[in-house]
Structures are given as C-alpha cells and as structure tokens.
Participant: 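I'd like to ask some things about the structure below.
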Amino acid sequence: MIEKTYSLLLKRYGGQGWWPLSKDGLKSKHHNGNPKNDKDRFEIVVGAILTQNTSWNNVEKALFNLNKEDLIDVKKMAAAKESRIAELIKPSGYYNQKAKRLKTIAMHLLRRPSLPEERKELLKVNGIGQETADSIILYAAEKPSFVVDAYTKRIFSRLGLVDENEKYEKVKELFEGKLKKDVETFKEYHALIVEHAKKHCNKKPKCDKCILAKKCRYHTLNTSRTSASSILK
DNA sequence: AACCAGGACGTGA
DNA sequence: TCACGTCATGGT
C-alpha cells in the first residue's frame with residue numbers, strides 16, 4: 001500500500017524535485033533541488049529550521065531577506081548577531097528561537113569538515129528535532145533517511161495505514177521498511193506527501209477529486225454522513 | 001475573524 | 001514517558 005500510494009501520487013502530481021532552492025525560484029512547480037555546493041546545502045539546513053511549524057510561503061520571505069544580506073553562509077551566519085538574524089527572518093515566525101537555532105547550527109557546522117550525516121549528532125544540536133534532522137540528512141547530505149511530518153501521519157492515518165498518534169520512529173521505520181533505501185525515492189515521496197496534503201489532505205480535507213479518496217477512511221466517513229444527512233432533509 | 005502552517009523544547013505530573 | 005504551554009508571522 002505504501003508503494004502503491006507512492007506511484008499514485010507520483011502519477012497525479014509528477015516529480016516534485018525537492019528541495020526547493022532559491023536559485024531555482026522557490027515557487028517554481030518543478031524544482032531541481034539537488035544541492036550542488038555548500039551554499040545550497042546550507043540553504044536547505046536554514047530552510048528546514050525556518051519551516052518548523054510554519055508555512056513555506058512565510059519561509060520564502062525570510063530566505064529572501066537572508067539572501068539579500070548574503071547570510072546563507074555558514075561563516076557569516078555563525079558570526080552574525082542573533083538580533084540581526086531575528087530581524088531578517090521575522091516573516092517566518094518564532095523568529096527569536098529560530099535565530100538562536102540558526103546561529104547554533106551554523107557554529108556547529110563551522111567546526112566540521114562537512115555536513116553531519118549522523119542523525120544522533122544532529123539531534124544533539126538544540127533546535128534540531130527528528131524531522132529537521134531527517135530533512136537535513138536526506139535533502140542536504142543526500143543520505144537515505146525518510147522524513148516524517150504531520151502531513152505523513154495525517155494522510156496515512158486517514159488511509160488507515162498508521163495510527164494517528166504513532167511515534168515518529170515507528171512511522172519512519174514503516175516507510176523505510178516498505179521502500180527501497182533510495183535517496184531519490186525518499187526525497188520524492190516526502191515532497192509528494194507535502195504536495196498532496198496542501199492540495200487535498202488539509203486538516204479540513206478537500207476530498208473532491210482526491211485520488212486516494214476511495215481508499216480513505218476519512219472520506220468514506222464523510223460521505224456516509226453526507227448521505228445520511230441528505231436523507232433527513 | 002478564527003484557524004492553520006513541512007516542530008522543538010521545557011516543564012511538571 | 002506524556003500531556004501541555006510556549007514560541008509568532010502571514011494567508012485563507
């Protein structure tokens with residue numbers, strides 16, 4: 001089912017080409033998000049932190065401001081004052097803690113030859129939790145580590161494939177167990193999940209024209225309610 | 001005009 | 001371990 005859902009989403013939305021990088025135009029529908037240099041990789045790290053519980057649209061504004069001042073750079077970010085970073089990233093919300101987190105990770109990266117590929121190492125850094133760590137490993141370091149987010153749990157719990165409040169680790173293991181351990185597949189699947197959640201599987205779902213509706217509990221629940229209430233009218 | 005958005009952390013049970 | 005409060009802007 002996990003694999004089947006992947007091919008359905010891929011057929012419906014096409015390849016997403018994540019991670020969205022500003023050099024490609026953040027808003028373009030089809031990205032070519034493979035990082036080519038350290039700046040690209042660091043921009044992914046920055047974006048991953050900025051998008052914590054925040055819409056990507058707001059993150060873009062913050063990234064634009066940082067780019068303007070050439071702060072998407074490990075050394076410059078590490079040297080910048082927290083208050084300055086905070087001012088620039090204001091549109092992405094939680095700007096005080098995110099400014100601190102950005103500076104912290106920048107300073108951590110500064111004393112490393114390359115991006116950490118170890119989950120455990122990233123998780124020790126304050127401000128980097130499981131999802132952010134996996135995003136960095138998968139999209140910046142390009143090592144296979146499946147990213148789980150609120151969308152993943154929402155979509156697949158509605159499909160009846162995972163428990164709504166299953167633990168992060170468990171969901172991650174489920175996906176990694178069902179898929180071949182392939183960076184491109186992991187990248188694409190997560191991106192497709194986000195796309196599908198934005199288009200259809202919102203908190204208040206738009207089941208109309210959703211390609212997964214037939215298999216979805218939420219949808220069947222909804223239609224039975226609708227038909228029941230329409231009978232009452 | 002509430003509600004939601006690609007979470008993480010600190011705290012007290 | 002777990003539930004809960006906190007952090008904050010911008011779009012719908």
Side-chain angles (χ1 to χ4, degrees), chain A residues 6 9 13 15-22 24 26-29 31 33 35 43-66 82-83 85-106 108 116 119-140 145-158 162-172 175 186-206 208 218:
Chain A
Y6 175 64
L9 292 176
Y13 299 110
Q16 302 297 301
W18 269 30
W19 185 277
L21 287 165
S22 48
D24 304 326
L26 294 168
K27 298 212 170 171
S28 69
K29 280 205 166 164
H31 309 278
E43 181 175 313
I44 293 172
V45 173
V46 173
I49 289 174
L50 291 180
T51 199
Q52 288 169 355
N53 200 38
T54 300
S55 67
W56 184 252
N57 194 45
N58 284 8
V59 174
E60 288 177 339
K61 301 173 195 297
L63 284 175
F64 179 79
N65 291 340
L66 291 173
E82 226 174 272
S83 55
I85 302 173
E87 196 59 32
L88 293 169
I89 66 170
K90 218 164 209 176
S92 72
Y94 309 115
Y95 51 87
N96 286 315
Q97 30 171 334
K98 283 176 180 174
K100 179 173 301 219
R101 289 173 185 181
L102 288 179
K103 185 159 174 153
T104 302
I105 184 65
H108 183 83
R119 229 173 159 253
K120 282 197 284 186
E121 178 182 347
L122 285 168
L123 289 175
K124 287 182 197 158
V125 181
N126 186 285
I128 299 192
Q130 312 200 70
E131 184 188 339
T132 308
D134 287 329
S135 294
I136 292 171
I137 295 169
L138 181 61
Y139 291 104
S145 189
F146 199 87
V147 178
V148 176
D149 61 355
Y151 292 157
T152 312
K153 290 185 184 174
R154 182 193 296 164
I155 293 174
F156 289 89
S157 65
R158 285 175 178 174
V162 307
D163 189 337
E164 170 88 61
N165 31 23
E166 191 66 83
K167 313 202 64 122
Y168 187 101
E169 269 302 327
K170 292 290 186 182
V171 182
K172 178 182 175 64
F175 278 82
F186 284 10
K187 280 188 183 179
E188 198 51 57
Y189 205 162
H190 174 65
L192 286 167
I193 285 170
V194 173
E195 181 65 11
H196 182 63
K198 285 179 175 172
K199 286 277 168 60
H200 292 281
C201 210
N202 315 60
K203 196 149 196 182
K204 201 178 168 68
K206 304 168 186 163
D208 192 40
Y218 197 100

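Hydrogens, waters and symmetry mates play no part in the numbers below; they use all other heavy atoms, side chains included.
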Participant: When you measure from the side-chain N and O atoms of A/Lys100 to the phosphate of B/dC9, is any distance below 4.0 Å, counting only OP1 and OP2?
Facilitator: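 No, outside the criterion.
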
Participant: To the nearest angstrom, how far is A/Asn58 atom CG from B/dG7 atom P?
Facilitator: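 The answer, rounded to whole Å, is 13 Å.
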
Participant: Considering only NZ, NE, NH1 and NH2 on the basic side and carboxylate oxygens on the acidic side, decide whether A/Arg119 and A/Glu169 come within less than 4.0 Å.
Facilitator: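 Answer for the salt bridge query: yes.
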
Participant: With a 4.0 Å cut-off on heavy atoms, is A/Thr152 in touch with a base, just the backbone sugar-phosphate, or nothing at all?
Facilitator: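 The answer is nothing, as A/Thr152 stays clear of every strand by at least 4.0 Å.
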
Participant: Heavy atoms under 4.0 Å, any strand shown: does A/Ile49 hit a base, just sugar-phosphate, or nothing?
Facilitator: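 The residue A/Ile49 makes no contact with any strand.
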
Participant: Classify A/Lys198 by what it touches in the nucleic acid, base, sugar-phosphate, or nothing, heavy-atom distance under 4.0 Å.
Facilitator: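 Base: the residue A/Lys198, judged by heavy atoms under 4.0 Å, touches a nucleobase.
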
Participant: Ignoring backbone atoms, establish whether A/Asn96 has a side-chain N or O less than 4.0 Å from OP1 or OP2 of C/dA8.
Facilitator: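 The answer is yes; a side-chain N or O of A/Asn96 sits under 4.0 Å from OP1 or OP2.
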
Participant: Using a 4.0 Å heavy-atom cut-off, does A/Glu131 contact any base of the nucleic acid, only the sugar-phosphate backbone, or nothing at all?
Facilitator: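 Answer is sugar-phosphate: A/Glu131 comes under 4.0 Å of backbone atoms only.
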
Participant: For a quick test of reading the model: is some side-chain N or O of A/Lys98 closer than 4.0 Å to OP1 or OP2 of C/dT9?
Facilitator: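 So the side-chain polar atoms of A/Lys98 never come under 4.0 Å of the phosphate oxygens OP1 or OP2 of C/dT9.
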
Participant: To the side chain of A/Pro91, which of C/dC2, C/dG10, B/dA8 is closest?
Facilitator: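 Looking only at heavy atoms from C-beta outward on A/Pro91, the closest nucleotide is C/dG10.
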
Participant: Which nucleotide sits closest to the side chain of A/Lys61: C/dG10, C/dC2, B/dA8?
Facilitator: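 Closest nucleotide to the A/Lys61 side chain: C/dG10.
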
Participant: Across the strands shown, which category fits A/Lys153 at heavy-atom distances under 4.0 angstrom: base, sugar-phosphate, nothing?
Facilitator: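 If one applies the 4.0 Å heavy-atom cut-off, A/Lys153 turns out to touch nothing in the nucleic acid.
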
Participant: Quick one: A/Lys203 NZ to B/dC3 P, roughly how many Å, whole number?
Facilitator: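 Those two atoms, NZ and P, are 10 Å apart.
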
Participant: Taking the nucleotide of DNA chain B with the closest heavy atom to each, which residue, A/Ser135 or A/Ile128, is nearer the 5' end?
Facilitator: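 The residue closer to the strand's 5' end, by nearest nucleotide, is A/Ser135.
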
Participant: Can you tell whether the side chains of A/Lys90 and A/Glu87 come within less than 4.0 Å, N to carboxylate O?
Facilitator: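 Salt bridge present between A/Lys90 and A/Glu87.
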
Participant: When you measure from the side-chain N and O atoms of A/Tyr95 to the phosphate of C/dT9, is any distance below 4.0 Å, counting only OP1 and OP2?
Facilitator: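 Checking A/Tyr95 against C/dT9: at least one side-chain N or O falls below 4.0 Å of OP1 or OP2.
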
Participant: Would you please confirm or rule out a distance under 4.0 Å between OP1 or OP2 of B/dG10 and any side-chain N or O of A/Asn126?
Facilitator: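 A/Asn126 to B/dG10 OP1/OP2: side-chain N or O found under 4.0 Å.
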
Participant: Under 4.0 angstrom, heavy atoms only, what part of the nucleic acid is A/Val125 near: base, sugar-phosphate, or nothing?
Facilitator: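 Answer is sugar-phosphate: A/Val125 comes under 4.0 Å of backbone atoms only.
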
Participant: So, the side chain of A/Lys98 versus the backbone of A/Ile89: is there a donor-acceptor pair under 3.5 Å, distance only?
Facilitator: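 Looks like no, no N/O pair under 3.5 Å.
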
Participant: Are any side-chain N or O atoms of A/Thr54 and backbone N or O atoms of A/Gln52, one a donor and one an acceptor, separated by less than 3.5 Å?
Facilitator: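 Answer holds: yes.
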
